[in-house]
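Accompanying notes for the structure given below.
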Amino acid sequence: MDDCIFCKIAQKEIKSDIIYEDENIIAFDDISPQAPVHVVIITKKHVKSVDFLREEDKAMAAEIVLSFGKIARIKKIEKEGYRIVSNHLESAGQSVFHLHFHLLGGRKMNWPPG
Ligand code: AMP
Ligand code: ZN
């Protein structure tokens with residue numbers, strides 16, 4: 001999609017520090033990290049948010065979920081723990097309207113989140 005920063009990252013028109021990539025997914029370090037490990041996992045397909053996933057996206061959605069553990073292992077935080085977050089709409093904190101998950105780790109996480 002034109003004018004979508006994450007589509008541009010997926011198409012490598014904008015550079016990012018890529019951690020992991022497969023057919024449907026690309027994961028890169030967040031430009032403004034909120035924890036020592038902060039990876040953004042996006043779909044290559046433009047979907048507005050997690051709420052816009054549909055039945056036809058089932059295989060891709062499964063791939064995303066399976067990527068979390070792979071990325072945690074690449075970052076070597078699978079034993080200490082990590083958090084996965086996906087924001088839907090501004091009220092939840094979404095600022096980029098292209099489906100993505102945050103993988104956060106390397107520090108103690110608080111609950112409830114802010
Ligand atoms: P959200 O606020 O949940 O929509 O998450 C968007 C995330 O994308 C934020 O954590 C931003 O810091 C991150 N972000 C925005 N632009 C870039 C970029 N060019 N490279 C890496 N991360 C980015
Ligand atoms: Zn997009």
Side-chain angles (χ1 to χ4, degrees):
M1 200 186 129
D2 291 348
D3 258 18
C4 171
I5 188 163
F6 283 180
C7 281
K8 287 182 179 156
I9 287 178
Q11 286 151 22
K12 318 255 170 79
E13 288 170 22
I14 292 179
K15 196 193 157 309
S16 66
D17 292 324
I18 297 172
I19 304 300
Y20 173 84
E21 181 172 6
D22 64 25
E23 193 188 340
N24 292 311
I25 296 163
I26 190 158
F28 49 88
D29 283 324
D30 198 291
I31 205 165
S32 174
Q34 303 301 312
V37 174
H38 187 170
V39 178
V40 182
I41 300 120
I42 71 169
T43 49
K44 291 183 177 174
K45 175 181 171 182
H46 183 87
V47 175
K48 274 196 255 177
S49 79
V50 71
D51 196 67
F52 289 85
L53 284 167
R54 296 293 175 260
E55 282 296 313
E56 71 211 44
D57 299 315
K58 208 182 257 183
M60 182 180 80
E63 227 181 89
I64 298 169
V65 174
L66 289 170
S67 78
F68 299 150
K70 296 178 193 172
I71 294 161
R73 278 161 186 75
I74 291 168
K75 289 290 189 179
K76 300 190 183 354
I77 57 167
E78 79 279 9
K79 297 238 167 38
E80 66 183 71
Y82 57 89
R83 178 173 291 174
I84 302 295
V85 175
S86 190
N87 300 318
H88 168 56
L89 300 181
E90 290 97 331
S91 62
Q94 188 176 12
S95 62
V96 178
F97 294 87
H98 175 129
L99 177 63
H100 58 280
F101 293 80
H102 301 259
L103 187 151
L104 298 148
R107 69 165 167 82
K108 175 90 174 69
M109 297 289 155
N110 299 315
W111 195 263

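Read the numbers this way: they start at 1 and go in the same order the structure lists the ligands and their atoms. Any value given below was found using the heavy atoms of this structure, including those in side chains, with hydrogens, waters and symmetry copies removed.
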Ligand-side contact atoms (ligand 1) for residue partner Ser32, heavy atom cut-off under 4.0 Å: 12 (O)
Element-labelled atoms of ligand 1 that are located less than 4.0 Å from some non-hydrogen atom of Phe28: 21 (C), 22 (N)
Closest His98 atom to the Zn ion (ligand 2) [N, O or S only]: ND1
Location of contacts on Phe97 toward ligand 1, heavy atoms closer than 4.0 Å: neither
Contact (N/O only, under 3.5 Å) between Gln94 and ligand 1: no
Proximity to ligand 1 by part of Phe101, non-hydrogen separation under 4.0 Å: neither
Region of His102 that comes within reach of ligand 1 [heavy atoms, distance under 4.0 Å]: side chain
Which segment of Ile5 sits under 4.0 Å of ligand 1 when only heavy atoms are counted: side chain
Atom name, His46 (N, O or S, nearest to the Zn ion (ligand 2)): ND1
For atom 5 (O) of ligand 1, the option (of His100, His88, His38) bearing the nearest heavy atom: His100
Ile14 contact mode with ligand 1 (heavy-atom cut-off under 4.0 Å): neither
Test side-chain contact (heavy atoms from CB on, under 4.5 Å) applied to Ile42 and Ile25, step by step: CA-CA 6 Å; Ile42 71 169; Ile25 296 163; over 6 Å; no
